[in-house]
Protein chains: 2
Amino acid sequence: MLAKTDVFESDLQELADLSKALAHPARLAIIQHLAQHESCICGEIVDAMPLAQATVSRHLKTLKEAGLIKGEIDGPRSCYCLDTDALARAASAMSGYLDEIASSAPRENCC
Amino acid sequence: MLAKTDVFESDLQELADLSKALAHPARLAIIQHLAQHESCICGEIVDAMPLAQATVSRHLKTLKEAGLIKGEIDGPRSCYCLDTDALARAASAMSGYLDEIASSAPRENCC
DNA sequence: ATCCTTTATCGCGGATATAGGATAAATATA
DNA sequence: TATATTTATCCTATATCCGCGATAAAGGAT
């Protein structure tokens, strides 16, 4: 893209990036899985998803690039887990935006 | 897509769709603009965005298809405004998901 | 050293997303 | 009726996303 997005405020850009990371059910399911299970071995995530290993690995990379999860490549095993601080910041940013919208006065005079 | 996404739970699919609608700074800016201004004439939204009219119109369509905004085509003018009920539901769904994640026990034993 | 297991990456094909010029449609106005 | 205004849509180009088979990389096991 021709960098036309640079003209938007950085907080909106960050929130858009976060939304993009959340914009796939597989990634939402991976986050949920990591939250609900002790283990975070990659193979178990793959088994829990109805997708090929390569596809899951790609989603994990996307989540890692977004900073929502952490991963340690440990030889033939990889350990993934949530970045709880980052997720808390993400939740805060998202609810901050949506609450600000929700608290705006309704427009009865149109639509 | 080969309908592979159908295998995910519908609530995750809906949340992913919502996230996708929010996954562009222009759309976030449009929502913010509609929340902050009385008027919701399309032309004013176009003027407020650093994008071409055709591009803004497409983003508006995306938001409308996601159910986040309402629009009335009224001759040569169009009136757009927030669907506050839908946005409230969206905020609830998003925070419900993220809070559930955040409330999961942290995993000190890995990563 | 040779397999075996696990995971990341590459490469391809197909589907979407994004941007915007050009144009059409709808209506108000002169 | 002719014109101007406003907005949606069409079209094209480009970029990104998605899924997955194939392969590479990195250890562990025998």
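The model shown is predicted, which means the values in this text are computed figures rather than measured ones.
Between A:I41 and A:Y80 the shortest side-chain heavy-atom distance does not fall below 4.5 Å. Residues B:E72 and B:R77 fail the side-chain proximity criterion, which asks for heavy atoms closer than 4.5 Å. Side-chain contact between A:L34 and A:I45 is present, with heavy atoms from C-beta onward closer than 4.5 Å.
Between B:V46 and B:R58, the residue anchored closer to the 5' end of DNA chain D is B:V46, taking for each the nucleotide with the nearest heavy atom. Checking B:A54 against A:A26, the closest nucleotide of DNA chain D that is more toward the 5' end is the one next to B:A54.
If you check every strand for non-hydrogen atoms under 4.0 Å, B:K20 touches sugar and phosphate atoms only. Across all strands, A:L60 comes closer than 4.0 Å to no nucleic acid atom at all (heavy-atom distances).
Of all nucleotides listed (D:dT7, D:dA22, D:dT9), D:dT7 comes nearest to the side chain of B:I41. The side chain of B:R27 sits closest to C:dT18 out of D:dC18, C:dT18, C:dA19. Listed candidates were D:dT9, C:dG20, D:dT6. Nearest to the side chain of B:K61 is D:dT9.
At C:dT6, none of the side-chain N or O atoms of A:Y80 fall inside 4.0 Å of OP1 or OP2 (strictly under the cut-off). Close to D:dA8, at under 4.0 Å from its OP1 or OP2, lies a side-chain N or O of B:S78. For the OP1/OP2 pair of C:dA19 and a distance below 4.0 Å, the side-chain nitrogens and oxygens of B:H24 include at least one atom meeting the criterion. The phosphate of D:dC18 (OP1 or OP2) has no side-chain N or O of A:T55 nearer than 4.0 angstrom. The phosphate of C:dT9 (OP1 or OP2) has no side-chain N or O of A:S57 nearer than 4.0 angstrom. At the phosphate of D:dC17, neither OP1 nor OP2 sits under 4.0 Å from any side-chain N or O atom of A:H59.
At whole-Å resolution of the value, CE in B:M49 and C1' in C:dA19 are 16 Å apart. In this structure, CD1 of A:I30 is placed 10 Å from P of D:dG19, rounded to the nearest angstrom. Computed from coordinates, the B:E72 CD to D:dT7 C1' distance equals 15 Å when rounded to whole Å. Atom CD in A:Q53 sits about 17 Å away from atom P in D:dC18, given to the nearest Å. Between A:I45 atom CD1 and C:dA8 atom P the separation is 9 Å, expressed in whole Å. In this structure, CG of B:L22 is placed 12 Å from P of C:dT18, rounded to the nearest angstrom. Going from atom CG of B:L51 over to atom P of C:dT18 covers 11 Å, rounded to whole Å. Between the C1' atom of D:dA29 and the CZ atom of A:R77 lies a distance of 12 Å, rounded to the nearest Å.
One end of the helix from C:dA1-D:dT30 to C:dA30-D:dT1 points its axis 0° away from the other end's axis, with each axis taken from 5 pairs and the angle rounded to 10°.
By the side-chain contact (heavy atoms from CB on, under 4.5 Å) test, B:A66 is found to be paired with B:A21, B:L68, residues two or more places apart in sequence or in another chain being considered. Partners of A:V46 by side-chain contact (heavy atoms from CB on, under 4.5 Å), not counting sequence neighbours, listed by chain and number: A:C42, A:Q53, A:V56.
Panel note: side chain A:S19, backbone A:L15; a donor-acceptor pair is recorded below 3.5 Å.
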Problem set entry | Derivation and outcome, side-chain contact (heavy atoms from CB on, under 4.5 Å), residues A:K20 and A:R27 | CA-CA 10 Å; A:K20 199 178 296 184; A:R27 291 194 288 271; 5.5 Å; no
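Using cut-offs of 30° and 60° for the angle between ring planes, the B:H24 and B:H59 rings count as tilted.
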